[in-house]
Number of protein chains: 2
Amino acid sequence: MKNKPYHHGELRKVLIETGLEFIHQYGEEKLSLRQIAEKCGVSNAAPYAHFKDKDDFINAVQQYMMDSFMDSLVTCTNECRNHSEILSELGVCYVMFFYRNPLYFDFLFSRKNIQIRLSSDNHNNPPFELFRKTAEQILGERGMSEKNIRHKTIAMWSLVHGLSAISAMPGIDVDWESEVRDIINSIDFSEPV
Amino acid sequence: MKNKPYHHGELRKVLIETGLEFIHQYGEEKLSLRQIAEKCGVSNAAPYAHFKDKDDFINAVQQYMMDSFMDSLVTCTNECRNHSEILSELGVCYVMFFYRNPLYFDFLFSRKNIQIRLSSDNHNNPPFELFRKTAEQILGERGMSEKNIRHKTIAMWSLVHGLSAISAMPGIDVDWESEVRDIINSIDFSEPV
DNA sequence: CTATCATCTTGACACTGATAAGATGAAGTA
DNA sequence: TACTTCATCTTATCAGTGTCAAGATGATAG
């Protein structure tokens, strides 16, 4: 039980977690590095020992959040027993994550943040990569052409991503999860046109 | 040719247009009201005669941008000659708007901005409303059930909205428009499952 | 010609991100 | 033990921001 030791010990980690909690409640645009530092009981300049600037800090928080998002997606695919439903289950998991954490959506996918994470061929987007791999496997087993697989994959991810955007908007309080499942299942992705 | 008259004349309009141009180039998060005022040749407090605060200004710019976005969508539906293709053409128009103006996407649809525009039943979203009306008309003509229409409509809008999110990401330089058309057409929205 | 009042300027305030200079103390070295 | 080193943290300071109060301007109406 330390009583304010001069060296915090795990300040970097605590700063990130405090920032994450703050964004969960108030959103990125309200975040001030000085306030986060104060909440952690350190001076305003302390964070600069661990982060180059505010963008660097925001980036670290985003990395942290992206990891937790990816964890829930991977867990979902591992737990899914019915192989044929894995794509739609992955989609529901994706959407519900942002239904539960609406303020995360803008933060994770805003152009300002994502341009750090996307390479020039836009294939360095972790959730999209997971989708792509899963979809290619499922659809490939059914003998779909490569071009068709690509289109279906992008379509499936776009649908899910767009549903997430809706889920992150204010004022949705119906039984959204079951409707999301119905919507995703209402589109047949498995057959070529 | 006025030489700096004390009263600008149409400052409000010029501020909005300057803000729009700035966001087009640099994005919302870089925007400073003082800089916009300086670009317009007025003092830092001048905007406060026309806007309550920065949020109010941002909101006005967003309204302006939303109107121009809606204009291009409505024009698209009016110009579409082939009735059966109207939905997919509307989708392509939607997506390509953000392909041409990537920084507009976050600005128009970020939770921070959109919560001003969405009522509690989330049916006050102009582009979604246009989609809904169009889809209900097209799909209704084919005798689809009401529930199915709702699901297909949300699915179609989600797909298009998600594709827009991709289009607004950096590093997409292939022949995106034709691929977007293929992707949208690869999904059959007209038949119930 | 005068009064009104929206519009604009000046000057100030608190807050922010950022940096420099110095204080602290943990960990290694003699 | 005593000394050195160096990442970590504090204090002080800077420029830039949103915002407001007080006052200057001048278009417009009476």
The side chain to side chain donor-acceptor pair (under 3.5 Å) partners of A:E136 (sequence neighbours excluded) come to A:R132

Under the rule for side chain to side chain donor-acceptor pair (under 3.5 Å), what residues qualify as partners of A:T134, not counting sequence neighbours?
none

Could you list the residues that satisfy salt bridge (charged side-chain N to carboxylate O under 4.0 Å, His left out) with A:E177, not counting sequence neighbours?
A:R181

Partners meeting salt bridge (charged side-chain N to carboxylate O under 4.0 Å, His left out) with B:E21 (sequence neighbours left out):
none

Anything under 3.5 Å between a protein N or O and an N or O of nucleotides 5-7 of chain D, put it in a table, one pair a line.
none

Between residues 13-37 of chain A and DNA chain C, which residues have a heavy-atom gap below 4.0 Å?
A:L31, A:S32, A:L33, A:R34, A:Q35

Go through the structure and list residues passing ring pair (Phe, Tyr, Trp, His ring centres under 6.0 Å) with [X], not counting sequence neighbours.
X      : answer
A:Y48  : none
B:H161 : B:F105, B:F109, B:W157
B:Y64  : none

Atom-to-atom span, [atom1] of [X] to [atom2] of [N] - whole angstrom:
X     : N      : atom1 : atom2 : result
A:E38 : D:dT11 : CD    : C1'   : 15 Å
B:D56 : D:dG18 : CG    : C1'   : 14 Å
B:E10 : C:dT7  : CD    : P     : 13 Å
A:D55 : C:dT16 : CG    : C1'   : 14 Å

Just wondering, are more than 12 heavy atoms of other shown residues or ligands nearer than 6.0 Å to CD in B:E146?
no

Residues which pass side-chain contact (heavy atoms from CB on, under 4.5 Å) with B:L103, listed by chain and number, not counting sequence neighbours:
A:R111

Could you tabulate the donor-acceptor pairs under 3.5 Å formed by side-chain atoms of residues 38-46 of chain B, not counting sequence neighbours?
none

What residues from residues 44-53 of chain A pass a heavy-atom cutoff of under 4.0 Å to DNA chain D?
A:N44, A:A45, A:A46, A:A49, A:H50

